[in-house]
Amino acid sequence: MDWGLANRLSRIIRPETGRTVMLAVDHGYFLGPTSGLENARKTITPLLPYADSLMLTRGLLRTSVDPQKAPPIVLRVSGGSSILKELSNEDVTTSIEEAVRLNVAAVTCSIFVGGEYEKQSLMNLSRLVNEATPRGIAVLGVTAVGKEMVRDARYLSLACRIAAELGAHVVKTYFCPDFEKVIESCPVPIVTAGGKKLPEKEALELAHNSIQHGAIGVDMGRNIFQSDSPVGMIRAVRAIVHEKSTVDKAYDLYQSVLHTTANARRNVL
Ligand code: R5P
């Protein structure tokens with residue numbers, strides 16, 4: 001593998017564990033001011049020390065993250081549709097020159113396999129691979145799921161394999177029953193999304209299951225930044241991903257951070 005690409009990948013996937021905790025805060029590119037990210041800088045800043053990488057758009061990166069404090073960046077470079085319209089109708093929004101200027105470790109876009117604009121989204125990913133790889137920048141392929149698509153192993157294996165065949169270096173998908181089948185048929189590493197906000201213990205179980213069944217990490221958003229203790233949650237997720245922690249131990253960690261923060265707030269008032 002090209003040295004620059006290997007170096008950038010190793011900034012995202014920790015060489016000590018071969019795993020990664022990616023923090024996803026790119027939701028606004030089609031959802032607008034997502035709950036928890038209304039003031040993105042305020043939400044993101046305390047989480048930065050615990051994120052192996054940060055996934056977001058150039059707009060949020062420029063306005064809401066200090067360059068001196070940023071972890072490796074996974075830049076969302078697709079968009080063009082909103083929650084009010086057909087989501088699969090995406091294009092590449094950000095040039096590779098800008099990705100280089102922003103010193104990102106990886107670029108990312110979604111593919112909508114089975115979606116109305118399937119081909120367009122697959123060509124977006126292909127274009128990213130064509131433009132990013134010669135510059136040593138990695139590509140994360142995100143398997144987006146439309147309302148009508150079932151998140152089962154058959155569908156997700158199809159979508160992940162297509163992303164890998166088109167050249168993605170890492171694929172992000174959803175955990176599902178028989179997840180091993182998705183892992184076995186995908187020749188590149190897989191990370192899992194968190195999805196809609198769950199009770200904290202269930203979100204930690206999801207992270208734990210993902211790792212146990214072969215994912216190299218998580219790319220989690222709402223289950224971290226919508227938690228009543230975002231720092232507690234990201235630290236608990238890290239314990240599962242990097243320290244082989246059980247769900248119970250990780251949950252205890254989350255609760256202890258939650259209570260410490262609440263006590264500190266009470267003492268200030
Ligand atoms: C969706 O297309 C975005 O890429 C999100 O970053 C992704 O869904 C992960 O965030 P969450 O854990 O909130 O699902």
Side-chain angles (χ1 to χ4, degrees), residues 12 20-38 40 43-44 47 50-61 64-65 71-83 85-94 104 106-113 115 117 121 124-125 128 139-147 149 151 156 159-160 163 168 170-176 190-200 202-211 215 217-227 230 233-234 236-238 240-241:
I12 301 174
T20 184
V21 174
M22 305 170 73
L23 175 63
V25 290
D26 60 326
H27 306 62
Y29 92 93
F30 69 98
L31 284 174
T34 315
S35 171
L37 289 179
E38 296 91 341
T43 302
I44 295 170
L47 299 172
Y50 307 104
D52 293 324
S53 72
L54 188 63
M55 176 178 177
L56 76 179
T57 58
R58 63 176 164 186
L60 218 55
L61 180 61
S64 309
V65 184
I73 298 301
V74 178
L75 192 67
R76 159 69 68 175
V77 297
S78 68
S81 61
S82 81
I83 190 70
K85 292 280 209 178
E86 169 54 44
L87 283 179
S88 67
N89 192 6
E90 282 194 358
D91 272 314
V92 174
T93 56
T94 309
V104 306
V107 288
T108 186
C109 73
S110 295
I111 59 167
F112 295 82
V113 173
Y117 292 85
S121 71
N124 289 342
L125 176 60
L128 294 196
V139 179
L140 170 74
V142 175
T143 67
V145 182
K147 284 181 197 114
M149 284 157 216
R151 291 183 196 185
L156 295 175
C160 289
V170 182
V171 173
K172 167 175 167 176
T173 196
Y174 293 93
F175 182 74
C176 64
I190 288 184
V191 293
T192 54
K196 282 191 181 146
K197 174 78 176 68
L198 299 165
E200 276 71 8
E202 284 176 38
L204 295 174
E205 272 159 13
L206 178 68
H208 192 261
N209 282 334
S210 299
I211 298 297
V218 296
D219 187 5
M220 206 175 244
R222 287 163 288 181
N223 278 292
I224 291 174
F225 64 71
Q226 290 178 352
S227 168
M233 264 310 270
I234 197 167
V237 170
R238 281 195 81 76
I240 286 172
V241 171

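Every number for a ligand or one of its atoms is a count from 1 in the order of the listing. Every value quoted in this text rests on a predicted model; they were computed, and no experiment measured them.
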[X]-ligand 1 polar pair, N/O distance under 3.5 Å:
{"X": "S110", "answer": "no"}
{"X": "A193", "answer": "no"}
{"X": "N223", "answer": "no"}
{"X": "K196", "answer": "no"}
{"X": "F30", "answer": "no"}
{"X": "Y29", "answer": "no"}

Discussion item. Below 4.0 Å from ligand 1: does a non-hydrogen atom of G195 turn up there or not?
Written reply: yes
Worksheet entry | R76 near ligand 1 by a heavy-atom separation under 4.0 Å | yes
Heavy-atom contacts with [X] under 4.0 Å: which atoms of ligand 1 show up? List them by number with element.
{"X": "M55", "result": "4 (O)"}
{"X": "M220", "result": "12 (O)"}
{"X": "R222", "result": "11 (P), 12 (O), 13 (O), 14 (O)"}
{"X": "A24", "result": "6 (O), 9 (C), 10 (O)"}
{"X": "D219", "result": "9 (C), 12 (O)"}
{"X": "K172", "result": "4 (O), 5 (C), 6 (O), 7 (C), 9 (C)"}

Discussion item. Considering non-hydrogen atoms of the protein only, which is the closest contact for atom 10 (O) of ligand 1, and what is the distance?
Written reply: H27 NE2, 3.1 Å
Practice prompt. Can you pull out the closest protein heavy atom to atom 5 (C) of ligand 1? Residue, atom name and distance to 0.1 Å, please.
Written response: D26 OD1, 3.2 Å
Quick one: [atom1] on [X] to [atom2] on [Y], what's the gap to the nearest 0.5 Å?
{"X": "K197", "Y": "I224", "atom1": "NZ", "atom2": "CD1", "answer": "11.0 Å"}
{"X": "Y174", "Y": "T143", "atom1": "OH", "atom2": "OG1", "answer": "7.0 Å"}
{"X": "L37", "Y": "T43", "atom1": "CG", "atom2": "OG1", "answer": "5.5 Å"}
{"X": "T20", "Y": "I12", "atom1": "OG1", "atom2": "CD1", "answer": "7.0 Å"}

Of all the heavy-atom pairs spanning [X] and [Y], show the shortest one and how long it is.
{"X": "I73", "Y": "V104", "result": "O-CB, 3.6 Å"}
{"X": "S110", "Y": "R76", "result": "OG-NH1, 2.9 Å"}
{"X": "G141", "Y": "L125", "result": "CA-CD1, 4.2 Å"}

Practice prompt. Taking the side chain as every heavy atom from C-beta outward, state whether N223 and E202 have any pair of such atoms under 4.5 Å apart.
Written response: no
Worksheet item: Under 4.5 Å between any side-chain heavy atoms of N124 and D91, yes or no?
Response: yes
Worksheet item: Hey, which of L87, N89, V145 is the one that makes side-chain contact (heavy atoms from CB on, under 4.5 Å) with F112?
Response: L87
